[in-house]
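To start, the structure under review is shown below, and the notes come after it.
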2 protein chains.
Amino acid sequence: MPNNTRSTTNNTKSTTKLSYIRELSASITEPSTLDNIFDILNQFANISKDAKNELTDIILVREFTKGELILEQGKICKYLYFLKSGFVRGFYNQDGKEITSWFAFENDPVVSMYSFISQKSSFETIEVLEDSIFYTISYENLQMLFKKYSEFNLIGRLLIEKYYIELEERTMSFQYQSATERYKKILECQPQILQKASLGMIASYLGISQETLSRIRNKR
Amino acid sequence: MPNNTRSTTNNTKSTTKLSYIRELSASITEPSTLDNIFDILNQFANISKDAKNELTDIILVREFTKGELILEQGKICKYLYFLKSGFVRGFYNQDGKEITSWFAFENDPVVSMYSFISQKSSFETIEVLEDSIFYTISYENLQMLFKKYSEFNLIGRLLIEKYYIELEERTMSFQYQSATERYKKILECQPQILQKASLGMIASYLGISQETLSRIRNKR
DNA sequence: AAAATCCTTTGACAAAAGTCAAAAAGCGAA
DNA sequence: TTCGCTTTTTGACTTTTGTCAAAGGATTTT
């Protein structure tokens, strides 16, 4: 397999040009690997044929295995990832404790928003919790797309609007709900998190101690 | 003064076309009223002459007096405002209590993000806390600008990116800081809030009871 | 299988924050 | 200034959540 990665990390398991995958999957009946990234982006706006072709050349498919760190605290987030399959979290350190700021599932963007947007060093670390496959685009290439194809600004705007609203809801949850209420909300709206993440990670995500979460779960 | 408002509310004190203000202020030495809105937007990206002219025709200047509600819970937020001067908050109701979700100062955008973006009914109310002057643009006109001038997508994207990052910090503050720490952070980073808002509003903004904030302020 | 490690639960207690009620302070109108 | 209203403070008490320590479980390694 040709190694055409532009990654700064060296723990990449495999890196593949999307166009390569396209050829491979062209004859497969299942929704092809390729179409997924466009499916993700087409939720927001249509992409012209030209832009689609350019995207195909720019996006890389990369795999990471459980335990790998896609981004480490203090480094600059130079890539925007879309999770094709797997399970990932972002966390930051506070008084020696790891505090999970988000979990990502299939089709979610994976990025340290602050670091990627500002291109300053990241306060958060991105950790792969289950073997994962990503679509990857570098900051530079993305900026190029923004300049060259205005429609990407539209997609970018709509995408961040969506995540802004989700974040707003999470903030409100912290603002007026008790730990138990926040837990129940996750139980209802994001049960995948409870199925896949450890108690400690979920607790920090909820902003409470492990012990408290354990007690909530076992009804006091 | 010509009444050319397109507002759905009927408590508007005055509505003025920006072009009208431009003429008025053309001879004034002080930074003109007009330039401000472009100053705000130019922080993010340059605006072409054409776009600038069109903006000038679309943006209205509106004044609201203390106590007025720019947007009420349950209604759709049809306007994006930029606060030229004054003081505003957004709040929502929870178990009969008003919970302040944000405060806005000079140059801040004022909008119920969820309602404006989705054009669904708002869960928050926007209240004018001090007589305020706004630059106003309707949802339809903004969408028109997004379509016609791709540079506005860039501005829109950068603007929401900025507020996403701010919201992220606020969320993290709820996640791992105590009430006292959150209060001190505001004391340091947003002292204007403490100077202008009532204790009750600040308390709900911090996600704590009035009594607790009073005790924090008076060192237990 | 035993050892080591990690994750989760439980208990006892401490600290943080909420609730309710009443008093005090501030503020505006008459 | 006084009255009436709202906001803020204070006290007493309760509830929620955190901390520390130890005990169980589960899983992996040797």
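Reminder, nothing fancy here: chain letters follow the sequence lines and each chain counts from 1.
- To the nearest angstrom, C1' of C:dT10 lies 14 Å from CG of A:Leu213.
- What separates CD of A:Gln94 from P of D:dG18 is a distance of 15 Å, to the nearest Å.
- In this structure, of D:dT17, D:dT8, C:dA17, it is C:dA17 that holds the atom nearest to the side chain of B:Ser178.
- Salt bridge present: A:Lys196 and A:Glu130 bring a charged side-chain N and a carboxylate O closer than 4.0 Å.
- Between B:Tyr163 and A:Tyr164, the distance separating the two ring centers is not shorter than 6.0 angstrom.
- The existence of a salt bridge linking A:Lys84 and A:Glu63 is excluded, since no basic side-chain nitrogen approaches an acidic carboxylate oxygen closer than 4.0 Å.
- Taking side-chain N and O atoms only, A:Arg217 has no distance below 4.0 Å to OP1 or OP2 of C:dT8.
- Closest to the A:Ser209 side chain, of the nucleotides C:dT19, C:dA17, D:dT19, is D:dT19.
- Taking atom CD of B:Glu181 as the reference point, atom P of C:dA16 lies 10 Å away to the nearest angstrom.
- Atom P of nucleotide C:dG18 and atom CG of B:Asp95 are separated by 14 Å, given to the nearest angstrom.
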What are the atom names and distances for every N/O pair under 3.5 Å that joins the protein to nucleotides 20-29 of chain D?
residue, atom, partner, partner atom, Å
D:dC20, N4, A:Glu211, OE2, 3.1

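- Of the residues in residues 190-198 of chain A, not one comes within less than 4.0 Å of DNA chain D through any heavy atom.
- Ionic pairing of A:Glu124 and A:Lys75 is not present here: no N-O contact between side-chain nitrogen and carboxylate oxygen is shorter than 4.0 angstrom.
- Rounding to whole angstrom units, CD1 of residue B:Ile216 and P of C:dA15 are separated by 17 Å.
- Residues satisfying the side chain to side chain donor-acceptor pair (under 3.5 Å) test with B:Asn93, not counting sequence neighbours, are B:Gln73.
- Not counting sequence neighbours, B:Lys162 has no partner by the salt bridge (charged side-chain N to carboxylate O under 4.0 Å, His left out) test.
- Taking A:Glu169 as the reference, A:Lys185 meet the salt bridge (charged side-chain N to carboxylate O under 4.0 Å, His left out) condition, with sequence neighbours excluded.
- Side chains of A:Ser122 and A:Ser112: a donor on one and an acceptor on the other come within 3.5 Å.
- For the pair A:Tyr176 OH and C:dT19 P, the computed distance is 15 Å after rounding to whole Å.
- Taking 4.0 angstrom as the limit, B:Lys219 places none of its side-chain polar atoms (N or O) nearer than this to OP1 or OP2 of D:dT9.
- We find that CG of A:Leu199 is positioned 11 Å from P of C:dC7, with the value rounded to whole Å.
- In this structure, of C:dA17, C:dT8, D:dT8, it is C:dA17 that holds the atom nearest to the side chain of B:Ile208.
- Ion pairing between B:Glu211 and B:Arg215 fails under the 4.0 Å rule for side-chain N and carboxylate O.
- OP1 or OP2 of D:dT17 has not a single side-chain nitrogen or oxygen of A:Thr212 nearer than 4.0 Å.
- Distance OH (A:Tyr183) to P (D:dT16): 17 Å, rounded to an integer number of Å.
- Using a 4.0 Å cut-off between a side-chain N of Lys or Arg and a carboxylate O of Asp or Glu, A:Arg170 and A:Glu166 do not qualify as a salt bridge.
- In this structure, the helix from C:dA1-D:dT30 to C:dA30-D:dT1 shows an angle of 40° between the axis at its start and the axis at its end, each fitted on 5 base pairs and rounded to 10°.
- Both the sub-6.0 Å distance and the 45° axial angle are not jointly satisfied by A:Lys78 relative to the ring of A:Tyr139.
- Out of D:dT19, D:dG18, D:dT8, the shortest distance to the side chain of A:Lys97 is found at D:dT19.
- One side chain, B:Glu68 or B:Thr65, offers a donor N or O that lies under 3.5 Å from an acceptor on the other.
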